[in-house]
Structure formats: C-alpha cells, structure tokens
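Throughout, protein chains are lettered first and strands after them, A, B, ... in sequence-line order, and every chain is numbered starting at 1.
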Amino acid sequence: MVDKGMFDLSGRVALVTAGGRGLGREFCEGVAEFGADVACADIDMERAQETVSLIKRFGIRAIAIEVDVSKPDQVEHMVRQTMAEFSTIDILFNNAGIGNPPVRLHEMPIEAWDRAMDVNLKGMFLCLRAVLPVMLKQKRGSIINTASVAGLMAGAETRSLPNAVPYGASKHAVIALTKHAARAYAQEGIRINAIAPGAHLTWPLGAPREFMEEIHTHLAKFIPLGRIGEPREIKGLAIFLASDDSSYVTGQVFVHDGGFIA
Amino acid sequence: MGKSKLFDLSGKVALVTAGGHGLGREYCIAVAKFGADVACNDIDIKLAQETVELVKKFGHRAIVIKADVSKMDEIERMVNQTVSEFSTIDILFCNAGVVNPMVPLHELSIEDWDKVMALNLRGTFLCMRTVLPIMIKQKRGSIISTASLAGLMCGITPHSAPYGASKGGVIGLTRHAAVAYARDGIRINAIAPGLHDTRPVGLNLTLEKSEELKRMIFPAIPMGRYGEPSEIQALAVYLASDASSYVTGQVFVQDGGISA
C-alpha cells in the first residue's frame, strides 16, 4: 500500500525553465507524474514541445513557452503566459544554465564570462523577481534552483571539470542567492532550496557531444558509486522539494552526485 | 495522479533505533506507510510498543526490540532478532542519541561526555558495523544516520559542545563510510534536523522552561517555529527508497532555514 497523500502535487502549477532537455525535462516529468500542471519553458521551442507531449500522458495540463531567461522582457512574458493559462504558480524550477568554453581563465573571452553570469545567475534573479510576487500573494510556494557540485567545490583539476571557472563561480553565486532569498521569504510561506547535481548523462546546450562523453568517462572513475547519474534519478528529489512534504526545509543545498563530494 | 512506484518500499525491512518516540517514531511510520516491515528498537519497550501499534495500521509486520545501542552485545541481539524475524535488513536508521546536560564545558563531568559519545557516535558506528555485512551480502542497503544541525554549526542552543561534537562525528562517519561502501550498493546519508517539537532524552524540560526556550529561539528560526516531527517523514522515505539511488555521503538539513 502506498500512501496517496504524501508527495501529491495535484492541482499545483509548476514552471520549469530549460524544461526541454536534461534534468529540466526530468523535473517536468517528476512533478507531472505526481499531478502538477506544467509550464515548460525553454530557449528551444521544439524541445519544450517534446517535453510537453511526453508529460501529457500523466493526464495533466502542460504548455510550452519559448524564453531566454537572461532577457527581462522575455521572463516577464513567460510568467504572464503561465498565469494566463494556469492562474498561478506554486512551484518554480530555476533550471536554465549554460557552461563556458573549455579554456583557461586568462584566455576566456569576456563575452563567455558575461553569458554564463547572465544566464546562470542573473537569469535566476530575473525569474525569482518575476515569480515571487505571485507566490507572496498566495502565501505559498516552493522554488528549486539548479546549482551544481561546481558551486560547492573546485576539486583537483584532474578529477573535476577542468576550466570551469565562470560556470563554477556562477553556481557558487546561485547557492548564496538561494540561502539569502530563503531567509528573506521564509515568513511568507515560500521555501527556496537548491539542487546541486554532480555528473549526469545529459548533453548541455552548446557543449559538443564528444567533449561531454570524454568528461563523463573521465569523471566516472572518481565517483564512489562508480557511474554517472541517470537523469531520471533526480525526479524523487525534485518531487520531495516541490511538495508540501518538505515543509520545514528551506535554504538548503541538496547534492545529487553519487558520492563525488562526500 | 499516477500511482507511482517511485517511493515504494514494499517488501523492504527497516530497522530503526530509538523508534519509540520523537523523530524515530516518525521514521517508523513513514517507511511503513510506503510498505516496509519495521523493527522498532528502543531502550524503553513501552514506547516502542506504542510505535508498533501505530505502524501496524498500515498492514505490515512490525516488532519491538529492547536494546541499549551503546552496548555491542545488545546490538548483536537486536540485529539477530530482526534478521530471524524478517530474514534481512534493507534500511537502517541509526537514530538513537542523547543530549548533554546544559552546563559550561569546564563544568561538565567526564562521565557525561563519555555517555554522549558512547551512544551518539560509537553507538552509530556499532550499529553500522553490525548491519553492514548483511547489506554487503545482498548488495543493497540504505543507511540513514540522525546527525543534527549542531553537528554543522553552533547555532542557537547554548552549552551543546559534547552533543555537537558527537553529531559532527556522525557526519564524518557517514561521509567516510558512504565512500567506503558505495561500490557495495550501500548508500549512507545523514539527516541533520534543526529544532523539532520533540522531547529529547536527557533534557527533562518543564513546560515553563520550554516556553521560555521558545521565546528565545523562535526569532532565530527564519520560519519562526519548531518543525513538527511528522514533517521529517518524506525525507526519510526519500532516502530509504530507490528514489535517492544516486545520493550517498550527503547530509540533509531540515531546520526551517536556521543554517541558510
């Protein structure tokens, strides 16, 4: 017998940025499976549509929205569209993020630094800023930010992501943003937490597939569980944090990394 | 809503130390809700019996085991009894713990220090040590130790150095053991609760004293309240189940935002 109450998300509305691929798609799948309606936003409309068709099998409502989260007007438009369709937002996955070119810091194009910060950090701020008023009005909300183990440690060069300084700096900032925002909104019924994934079998936007394959093979050797994570393994954590059953949890970072930084 | 099997624990066996009250009781109820059989240990057999009555409502098997988990022979007996009843152990909550008397460190008796360490840290080690061979044999297991926010920071409870040190030790033990047994299919994580509305063993608070503590403590908690013990259930289910299959060596803080 499985308890029907715990983890239930029926009637809730989730907005997921970068829901068209990787872990974002799993977040959409996870909350949809437990009953939430989903607004799936992505910079790639075709992939967002794909996610929407996938999750409709759970009998929930879902829409695709095209967005570049680094653009304030597009973020506002995304939130307006979600509100028009579903009337509220109970759950926000701030998940959009990009890596940086694999070159050393002193050779890093300044534009690459700016782009990583604009999407990973400022984009998250913009989404928080646009969605928080909705949650404040209803005195309820759960926000889950996608950080990274790179936001907690740099790691020895040989056993970590090499040349990930801008990415790592942006994800460290995401964690600090999560903690400060969590405290600031704790009395208003809004919980804000971060998920810090280690290496998962995903193909991030803009990263060449061969490059990612090389990284996956290399990193697996240093992961205590001995393998890269399957993207779907993250669903349980997403559901836990999205649901009311994590009601006393806020301002925390949940590492999902096969023991990599244990 | 789909009838998801994601958090299902049907057919699994959970051993919970100090399952007779507080968070331990919640762990027992939580895993039973999702289908697990439960061996509920406590030093107080009456409290354990109460938990078992609550757990049996979910239609699974549950037994009571009296044991002081700071004592190796009693732990062995507890584990043997669990295995003879249920054939195996899939989930272990190392949950037994005591707090120290709230006095300055230089006034603390050495016996009180030893007592805290013997149960909180050494007892956790002894329980892991006894259960791990069973999990190694079946190449599967999830161990959840109860650490504490006090193991990560001083925070807001005064005079908690021995308790804090023991819980810091539990966190170190958890992380190192997690790496050591990751290849055996065993995941080991810790839950670090902040302040929950439980009555910790050894504190013997009067109602008056606990109201005074609330007035002092609540303003320091971002959520402005203690956690209800039942609020820990979902985290326990998540960590006990395969829904956390890629998670090991981590500390899960549930504290209403104190440590944020």
Side-chain angles (χ1 to χ4, degrees), chain A residues 1-10 30 32-35 57-60 178-187 191-193 197-198 200 223-230 233-237 239-240 243-262, chain B residues 1-10 30 32-35 58-60 174-183 185 187-189 193-194 196 221-228 231-235 237-238 241-260:
Chain A
M1 187 194 77
V2 170
D3 184 81
K4 288 184 189 70
M6 210 186 282
F7 303 116
D8 187 26
L9 297 171
S10 314
E33 190 176 346
F34 281 74
R57 72 179 190 278
F58 296 113
I60 48 86
T178 301
K179 292 182 174 185
H180 284 267
R183 269 189 177 268
Y185 292 93
Q187 302 270 0
R191 299 182 298 101
I192 309 178
N193 293 286
H200 288 70
I223 296 172
L225 284 182
R227 61 184 177 83
I228 302 292
E230 292 289 339
E233 292 182 278
I234 208 132
K235 287 196 292 195
L237 184 54
I239 294 159
F240 167 66
S243 76
D244 290 345
D245 295 298
S246 53
S247 49
Y248 201 55
V249 177
T250 196
Q252 289 301 320
V253 183
F254 292 82
V255 177
H256 193 267
D257 71 346
F260 186 58
I261 68 167
Chain B
M1 187 185 116
K3 294 291 165 280
S4 174
K5 289 271 165 203
L6 188 57
F7 299 97
D8 190 30
L9 296 171
S10 304
K33 269 188 189 172
F34 283 78
F58 300 103
H60 310 295
T174 300
R175 296 174 74 166
H176 283 266
V179 172
Y181 291 94
R183 299 291 171 119
R187 299 182 298 101
I188 309 179
N189 294 286
H196 288 70
I221 305 174
M223 281 192 178
R225 62 176 179 93
Y226 288 146
E228 288 297 325
E231 289 181 280
I232 207 113
Q233 287 188 8
L235 184 54
V237 171
Y238 169 65
S241 72
D242 292 342
S244 56
S245 53
Y246 199 56
V247 177
T248 195
Q250 285 302 319
V251 182
F252 289 77
V253 178
Q254 161 154 323
D255 69 350
I258 297 174
S259 66

Checking B/S245 against chain A: side chain, backbone, both or neither under 4.5 Å from a heavy atom? both

Looking at every heavy atom in both B/S4 and A/E33, which two are closest together, and how far apart are they? OG-OE2, 2.9 Å

Measure from the side-chain N and O atoms of A/R183 to the backbone N and O of B/M223, and report whether any donor-acceptor pair falls under 3.5 Å. no

Give the minimum heavy-atom separation between A/Q187 and B/I221, together with the two atoms involved. NE2-O, 4.2 Å

How long is the straight-line distance from NZ of A/K235 back to CZ of B/F7, given to the nearest 0.5 Å? 10.0 Å

Side chain proximity check, A/Y248 to B/L235, heavy atoms < 4.5 angstrom: no

Heaviest contributor of heavy-atom pairs below 4.5 Å to chain B, chosen from A/G59, A/G259, A/A182, A/G258, is A/G258

With a 4.5 Å cut-off on heavy-atom pairs, point out which of A/A186, A/A184, A/P224, A/G251 contacts chain B the most. A/P224

Determine yes or no for a side-chain-to-main-chain donor-acceptor pair under 3.5 angstrom, with B/R175 supplying the side chain and A/I261 the backbone. yes

Taking all heavy atoms of A/G236 and all of B/Y238, pick out the closest pair and write down the distance. C-CE1, 3.6 Å

Does any heavy atom of chain B fall under 4.5 Å from the side chain of A/H180, the backbone, both, or neither of them? neither

Count the heavy atoms belonging to other residues, nucleotides or ligands that lie under 6.0 Å from OH of B/Y226, then report whether that count exceeds 12. yes

Note, B/F252 side chain near A/Q252 side chain (heavy atom, < 4.5 Å): no

Relative to chain A, which segment of B/H176 carries a heavy atom at a distance below 4.5 Å: side chain, backbone, both, or neither? neither

Tell me, please, which residues at least two apart from A/E230 pass side-chain contact (heavy atoms from CB on, under 4.5 Å). A/L201, A/R232, A/E233

Engaged part of B/V251 at the chain A interface, taking heavy atoms whose separation is under 4.5 Å: neither

Under 3.5 Å, is there a donor-acceptor pair linking the side chains of A/S246 and B/Q254? no

Main chain of A/L225, side chain of B/R183: is a donor-acceptor contact present, judged purely on distance under 3.5 Å? no

Part of A/I234 within contact of chain B (heavy atom distance under 4.5 Å): neither

To the nearest 0.5 angstrom, please state how far the CG atom of B/L6 sits from the CZ atom of A/F34. 5.0 Å

Specify which of B/V253, B/V179, B/V247 makes the most heavy-atom pairs with chain A at under 4.5 Å. B/V253

Please list, chain by chain and in numerical order, all residues satisfying salt bridge (Lys or Arg N to Asp or Glu O under 4.0 Å) with A/R57, sequence neighbours excluded. A/E29

Greatest number of non-hydrogen atom pairs under 4.5 angstrom with chain B, of A/D257, A/I192, A/D245, falls to A/D257

Looking only at heavy atoms, which two atoms of B/A260 and A/T250 are closest? And how far apart? CB-O, 4.5 Å

